[in-house]
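Some notes on the structure that comes next.
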There are 2 protein chains.
Amino acid sequence: MRVSAKADYAVRAAAELAAAEEGPVKGERLAEAQDIPLQFLEHILLELKHVGIVRARRGAKGGYWLAKPANEITIADIVRAVEGPIAHVQSDPPEMIEYRGNAEHLKEVWIAVRANLRAVLEHVTLADLVSGEMPAVVEELAASPDAWAPR
Amino acid sequence: MRVSAKADYAVRAAAELAAAEEGPVKGERLAEAQDIPLQFLEHILLELKHVGIVRARRGAKGGYWLAKPANEITIADIVRAVEGPIAHVQSDPPEMIEYRGNAEHLKEVWIAVRANLRAVLEHVTLADLVSGEMPAVVEELAASPDAWAPR
DNA sequence: GACTTTCCTGACCTTTTTGGTCAGGAGCGC
DNA sequence: GCGCTCCTGACCAAAAAGGTCAGGAAAGTC
């Protein structure tokens with residue numbers, strides 16, 4: 001239940017792209033802006049390109065840019081691109097698992113977990129992230145001091 | 001963002017313990033009931049014992065039982081015991097991370113993610129799990145057909 | 001057309017995690 | 001003392017995490 005460096009990097013790089021008005025941004029600039037190892041970042045950007053989130057051009061004046069408007073790309077899209085499906089259990093989606101005996105209702109718990117993850121990840125767009133104006137769900141969750149407490 | 005086999009096993013074994021009225025349950029019985037490799041399960045139960053969720057006695061008539069009433073143990077307790085902290089980013093808790101540039105508000109997103117994970121995991125107890133009567137949060141989330149759809 | 005720039009790709013690498021197994025020891029009950 | 005069951009550490013193989021390296025291929029510039 002943790003967020004990998006790769007996913008974190010991917011979102012941060014995408015945020016930079018979302019903020020860049022006009023023209024392609026070099027990988028190197030993204031790497032510097034977010035302090036990400038360049039060569040690792042290039043692999044990540046390639047993955048984002050393969051799933052159609054990002055586009056790129058080589059050569060001088062080349063670089064990366066978003067394939068779609070920033071308000072049409074969610075954090076979930078990016079996380080799925082680099083980490084695969086969200087909230088799988090033992091590499092299977094929760095709805096596919098059959099639990100036995102007294103664990104029968106565990107399925108619903110994992111379903112709820114996934115639903116609540118989606119409730120955040122699928123509603124925050126890159127545009128939201130860059131502007132800092134989060135959807136209501138996030139505002140409410142982040143407003144509680146409890147959410148900021150370690151445990 | 002996935003649930004490990006270990007966490008899944010741990011919760012299932014704990015559910016069996018919660019359901020077992022009276023007396024210690026042998027590891028072997030738990031392993032059979034939930035189809036978990038016995039030796040692996042023993043290691044898991046040991047971890048649960050170390051954090052005070054489970055108690056055990058050896059010898060004939062020995063076995064495992066819950067250290068506390070089933071309605072005082074949450075899924076979060078168990079997941080933390082075997083997987084460590086929930087929703088860490090790059091092995092750091094979200095509130096400790098400083099984001100730069102256009103990713104500045106990413107922190108709030110991860111905080112919200114964690115909060116929503118907690119909203120489920122910390123509110124479902126073992127008693128809820130075996131009885132099948134989930135807290136309202138889970139009922140509502142699991143009620144939506146959308147929550148059951150892959151993506 | 002040569003040269004530079006920047007992306008593209010696959011191979012490789014180390015460390016950690018995951019998901020186990022194995023062998024033996026230690027305590028409990030009879 | 002004997003059998004049962006937990007307890008513990010060592011070990012192991014495969015995968016994932018987090019990168020690095022080397023070279024190739026397109027695009028633009030002179």
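Per chain, numbering begins at 1; letters A, B, ... match sequence-line order.
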What bend angle does the helix from C/dG1-D/dC30 to C/dC30-D/dG1 show across its length, from five-pair end axes and to the nearest 10 degrees?
10°
Rounded to the nearest 0.5 Å, how far does OH of B/Y9 lie from CD of A/Q90?
4.5 Å
Could you tell me whether B/E133 atom CD has more than 12 heavy atoms of other residues or ligands within 6.0 Å of it?
no
Should the heavy atoms of other residues, nucleotides or ligands under 6.0 Å from CZ of A/R55 be counted, would the total exceed 12?
no
Between B/R80 and B/E122, does at least one N-O distance fall below 4.0 Å, as a salt bridge requires?
yes
Measure the distance from CG on B/L17 to P on D/dC6 and round it to the nearest whole Å.
11 Å
Which residues pass the side-chain contact (heavy atoms from CB on, under 4.5 Å) test with A/A31, sequence neighbours left out?
A/L38, A/L41
Mind calculating the distance between CG (A/L46) and P (C/dA11) to the nearest angstrom?
14 Å
Less than 4.5 Å apart, side chain to side chain, heavy atoms only: is that true for B/I44 and B/K6?
yes
Might you point out which heavy atoms bring B/L121 and B/I86 nearest each other, and give the distance in Å?
CD1-CD1, 3.7 Å
Per-nucleotide protein contact string for nucleotides 20-30 of chain D (B base, S sugar-phosphate only, - none; heavy atom under 4.0 Å):
BB--BBBBS--
Taking only heavy atoms on the protein side, list every residue of residues 80-90 of chain A lying under 4.0 Å from any atom of DNA chain D, sorted numerically.
none
Let me know the distance between CZ of A/R2 and P of C/dT17, rounded to the nearest Å.
8 Å
Rounded to the nearest 0.5 Å, how far does CG of B/N116 lie from CD1 of B/I111?
12.5 Å
Can you see which heavy atom on B/A112 is nearest to which on A/V138, and at what distance?
CB-CG1, 3.9 Å
Please work out which residues in residues 5-14 of chain B have a non-hydrogen atom less than 4.0 Å from an atom of DNA chain C and list them by number.
B/A5, B/K6, B/Y9
In whole Å, I'd like the distance from the CG atom of A/L41 to the C1' atom of C/dT9.
15 Å
Using whole Å, report how far CG of B/L48 lies from P of D/dT8.
13 Å
Should B/R114 and B/E95 count as an ion pair when the cut-off is N to O under 4.0 Å?
yes
Atom CZ of B/R55 to atom P of C/dC28: distance rounded to whole Å?
12 Å
Check A/V130 against A/A18 and note the closest heavy-atom contact, atom names and distance.
CG2-CB, 3.9 Å
Does A/D146 pair with A/R151 as a salt bridge, N-O distance under 4.0 Å?
yes
Do NZ/NE/NH1/NH2 and the carboxylate oxygens of B/E16 and B/R29 come within less than 4.0 Å?
no
How long is the line joining OH of B/Y64 and P of D/dT5, in whole Å?
11 Å
Mind calculating the distance between CD (A/E47) and P (C/dG10) to the nearest angstrom?
12 Å
Within 6.0 Å of NZ in B/K68, more than 12 heavy atoms from elsewhere:
yes
Near DNA chain D, counting only heavy atoms under 4.0 Å, which residues of residues 22-32 of chain B show up?
B/V25, B/K26, B/G27
My understanding is that only one of B/V25, B/L17, B/L48 makes a side-chain contact (heavy atoms from CB on, under 4.5 Å) with B/L66; could you say which?
B/L17
Is there a donor-acceptor contact under 3.5 Å linking the side chains of A/H50 and A/E47?
no
